[in-house]
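The structure appears below as structure tokens.
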Amino acid sequence: MSARPATDRPATGPVRPRRPRSKKALREQALAVDALLAEAWPDARCELDFTTPLELLVATVLSAQTTDKRVNQVTPVLFDRYRDAAAYASAPREELEEILRPLGFYRAKTASLQGLSAALVAEHGGEVPGTLEQLVRLPGVGRKTANVVLGNAFGVPGITVDTHVGRLARRLGWTKEKDPVKVEQAIAELLPKEEWTMACHRLIFHGRRVCHSRRPACGACVLAELCPSYGEGETDPDKARGLVTVV
DNA sequence: ATCCCGAGGG
DNA sequence: CCCTCTGGAT
């Protein structure tokens, strides 16, 4: 009858796909998402500069609420001056604070770094341990930091749930949970282990550049047709709580 | 103003 | 659950 084939897609853009129902369908969606992000962000990687597990651990602890770029500006002098955990632990507090000041939270970060280093010396002979349980037990090291170190310095698959990964996982329909551990478990069930580390880097890149917390750029998103949240650009599910922000 | 790959403490 | 720690870029 109609010359134009029936379609459920309006001319304005992709229709929001139905949330995948089965675990199998969700897994397929997640795999497709990861593949598209791998194409979109071939350079996704850990952007902190480091050469050893200790350097990455230190850089990651310092990266809280700061850009990686800024961390990379202070770590050369830091890594040059302090070569091992004992050096951080015994350094004069003011000296460290001076170096870390541009990062923000510099007093807290100095205390954290020195406490962490003291624990490394006392409990691990100054070496950075290579398991999640041991890393998380260190003061100042949370699950996110531990997984960064595992994934990027030890080559152990790690799921890094930061603000971006959590937000994207929820928007993509992978979970409704806010608890990072539950988000981590959801991702673990959806993506093959060997993809975990890089998949998180891609999600983070995508979150920073396209799928922003506020006003995500759905029109420029390669995941549009796979995303159950497509077009919810005016609503921030993390913060709006049902309110629609003014465009 | 808002954002930046958080963690610990109350 | 909330709050705090903190500074620089955009």
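Hydrogens, waters and symmetry mates are skipped; everything else that's a heavy atom, side chains included, is used. So you know, we letter chains A, B, ... as the sequences are listed, proteins then strands, and number each from 1.
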Can you see if the side chain of [X] gets near the phosphate of [N] - specifically, an N or O under 4.0 Å from OP1 or OP2?
X	N	answer
A:R107	C:dT6	yes
A:R70	C:dA9	yes
A:H164	B:dC4	yes

Could you check whether [X] gets within reach of a base, just the sugar-phosphate, or nothing at all, counting any heavy atom under 4.0 Å?
X	answer
A:V141	sugar-phosphate
A:R208	base
A:H212	nothing

Check every atom of [options] against the side chain of [X] and return the nucleotide holding the closest atom.
X	options	value
A:Y106	B:dC5, B:dG6, C:dG7	C:dG7
A:R214	B:dT2, C:dT6, C:dG8	B:dT2
A:A108	B:dC5, C:dG7, C:dC5	C:dC5
A:F105	B:dC5, C:dC5, B:dC4	C:dC5

* Quick one: closest heavy-atom pair of A:H164 and A:R167, and the distance? =>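 In terms of heavy atoms, the two residues are closest at ND1-NH2, 3.0 Å.
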key: Along DNA chain B (nearest heavy atom to each residue), the more 5'-positioned of A:R143 and A:T66   =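 Result: A:T66.
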Using distance only, find each side-chain donor-acceptor pair of residues 70-79 of chain A under 3.5 Å and give its atom names and separation, not counting sequence neighbours.
{"unit_1": "A:R70", "atom_1": "NH1", "unit_2": "A:Q73", "atom_2": "OE1", "d": "3.4"}
{"unit_1": "A:N72", "atom_1": "OD1", "unit_2": "A:D49", "atom_2": "N", "d": "2.8"}
{"unit_1": "A:N72", "atom_1": "ND2", "unit_2": "A:E47", "atom_2": "O", "d": "2.8"}
{"unit_1": "A:N72", "atom_1": "ND2", "unit_2": "A:D68", "atom_2": "O", "d": "3.3"}
{"unit_1": "A:T75", "atom_1": "OG1", "unit_2": "A:V71", "atom_2": "O", "d": "3.2"}

Say whether, by atom type as modelled, one donor and one acceptor occur between the side chain of A:S63 and the main chain of A:V61 under 3.5 angstrom.
no
Check: A:L172 main-chain N/O paired with A:Q29 side-chain donor or acceptor under 3.5 Å: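 Side chain of A:Q29 to backbone of A:L172, a donor-acceptor pair under 3.5 Å: yes, one is there.
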